[in-house]
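The structure displayed is predicted, hence computed values, not measured ones. For this chain, numbers begin at 1 and follow the sequence in order.
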Amino acid sequence: MGLLDILLGRTKPAAPDLDQLFALPSAAVTLEAAAGFTPTGQGAVCFATVEGAAFEQTHREVQALLDADTERTGPPVRLLRDDHGYSWLVSQRAPDELSLLVNDLHAVNSAMEVNGFGPQLLCSLAGFENPDGRPLALVYLYKRGTFYPFAPLPERGQRRDSPLELQVRAALADDLRIEPDLSRWFPVWGAPAL
């Protein structure tokens, strides 16, 4: 960053730090103690839809890598497209296998990055729920290297529980690198892992 950037108030964008994903299992313990939310075993990586042979090859490699896990239970990794035109690679594990789910999310992000698709990566998320079945996601912003909570209100259309999100932010401040700019806490309506 140069002197002119400093004088004009320009900042350098934060670099992705995929290793931040490995903090999720310890954050899950804090989240359960503070708010009663436990992992669902579902997670997903969202990226801008890419067409072409190079992406198809990367997708096949990622799917083969994750499906090669002989201890995997449940459905295989799947690729979905949402109503907004984004693609989601979805992984499902047992609820007590959050560490394995995080490994899956990290592997997908890393493979996309290594194969030149890093700019298309948007976010990754891990699903949680409370004993009443209320959903919550911890969303990792790839381009910022930070997390934020997303708590949609069930059966209320596209509304979110902002007080719960702020409660989760406070509870996890020591466990995760929380995104400080609330305007970047984008809703992920219809995310397949919620």
Side-chain angles (χ1 to χ4, degrees), residues 14-47 66 74 77-78 80 82 84 86-110 112-113 121-154 156 158-194:
D17 182 4
L18 291 176
D19 289 345
Q20 292 296 314
L21 289 168
F22 293 118
L24 277 171
S26 64
V29 173
T30 303
L31 184 59
E32 183 175 7
F37 283 85
T38 57
T40 62
Q42 296 185 62
V45 176
C46 181
F47 50 93
L66 298 180
V77 174
R78 59 194 197 280
L80 303 173
D82 66 18
H84 305 289
Y86 294 106
S87 295
W88 295 83
L89 264 172
V90 181
S91 179
Q92 186 166 346
R93 296 284 189 157
D96 63 345
E97 296 180 327
L98 182 59
S99 294
L100 295 175
L101 178 67
V102 168
N103 288 341
D104 291 350
L105 299 177
H106 191 276
V108 170
N109 279 286
S110 295
M112 297 276 293
E113 195 175 62
L121 287 167
L122 301 174
C123 68
S124 298
L125 61 90
F128 293 81
E129 66 182 3
N130 72 3
D132 297 329
R134 290 209 42 212
L136 173 77
L138 292 178
V139 181
Y140 173 77
L141 292 171
Y142 174 78
K143 290 175 177 63
R144 304 276 296 170
T146 56
F147 289 88
Y148 68 90
F150 174 64
L153 286 168
R156 290 250 176 115
Q158 290 189 344
R159 296 191 52 205
R160 56 202 292 187
D161 188 344
S162 297
L164 175 59
E165 292 176 358
L166 295 175
Q167 175 191 355
V168 170
R169 174 183 71 171
L172 298 181
D174 293 334
D175 293 286
L176 298 175
R177 186 184 298 165
I178 300 293
E179 174 57 48
D181 183 355
L182 297 183
S183 70
R184 294 185 184 273
W185 290 23
F186 304 109
V188 285
W189 304 119
L194 279 176

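Note on Arg177 versus Asp17: salt bridge recorded, some NZ/NE/NH1/NH2 to OD/OE distance being below 4.0 Å.
When all heavy atoms of Ala44 and Leu105 are compared, the closest pair comes out as N-CD2, 3.6 Å. Heavy atoms only, all atoms of each residue included: Pro95 and Thr40 are closest at CG-O, 3.7 Å. Contact record, Ala23 with Leu176: CB-CD2, 3.7 Å, taken as the closest heavy-atom pair. The shortest heavy-atom contact between Leu24 and Ala126 is CD1-CB, 4.2 Å. When all heavy atoms of Ala151 and Glu165 are compared, the closest pair comes out as N-OE2, 2.9 Å. Nearest heavy atoms, Ala171 versus Thr30: O-CG2, 3.4 Å.
Side-chain atoms of Lys143 come within 3.5 Å of backbone N or O of Leu121 as a donor-acceptor pair. Between the side chain of Asp82 and the backbone N or O of His84 there is at least one donor-acceptor pair closer than 3.5 Å. No donor-acceptor pair closer than 3.5 Å links the side chain of Glu32 to the backbone N or O of Thr38.
Tyr148 and Trp185 have parallel rings, their planes meeting at less than 30° on a 0 to 90° scale where 60° marks the start of perpendicular.
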(message) Test side-chain contact (heavy atoms from CB on, under 4.5 Å) on Arg184 and Thr146; report intermediate values, then the result.
(response) CA-CA 10 Å; Arg184 294 185 184 273; Thr146 56; over 6 Å; no
(request) Tell me, with the steps shown, if Asp19 and His106 meet side-chain contact (heavy atoms from CB on, under 4.5 Å). (result) CA-CA 8 Å; Asp19 289 345; His106 191 276; 3.3 Å; yes
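Considering SG of Cys123 and CZ of Phe147, their distance stands at 11.0 Å, rounded to 0.5 Å. Note that CZ of Arg169 and CD of Glu179 are 10.5 Å apart. Values are rounded to the nearest 0.5 Å. Here the CD-CZ distance, from Gln20 to Arg144, works out to 13.0 Å after rounding to the nearest 0.5 Å. The CG atom of Asp175 sits 9.5 Å away from the CG atom of Leu31 when rounded to the nearest 0.5 Å. Within the model, atoms CZ of Arg93 and CG of Leu101 stand 7.5 Å from one another, a figure rounded to the nearest 0.5 Å. To the nearest 0.5 Å, the span separating CG on Leu172 from CG on Leu138 amounts to 6.0 Å.
Val188 has its side chain out of reach of Cys46: every pair of non-hydrogen atoms, C-beta onward, lies at least 4.5 Å apart. Residues Pro39 and Phe128 are in side-chain contact: their nearest non-hydrogen atoms beyond the backbone lie under 4.5 Å apart. For the pair Pro187/Arg160, a side-chain contact is recorded, criterion being any heavy-atom separation below 4.5 Å from C-beta on. Contact annotation: the side chain of Leu18 approaches that of Ser110 to within less than 4.5 Å [non-hydrogen atoms, C-beta and beyond]. The shortest side-chain heavy-atom distance between Met112 and Val45 does not fall under the 4.5 Å cut-off.
Partner Phe150 forms a ring pair (Phe, Tyr, Trp, His ring centres under 6.0 Å) with one of Tyr140, Trp189, Phe186 and no other, that one being Trp189.
Within a 6.0 Å radius of CG in Asp96, other residues, nucleotides and ligands contribute more than 12 heavy atoms.
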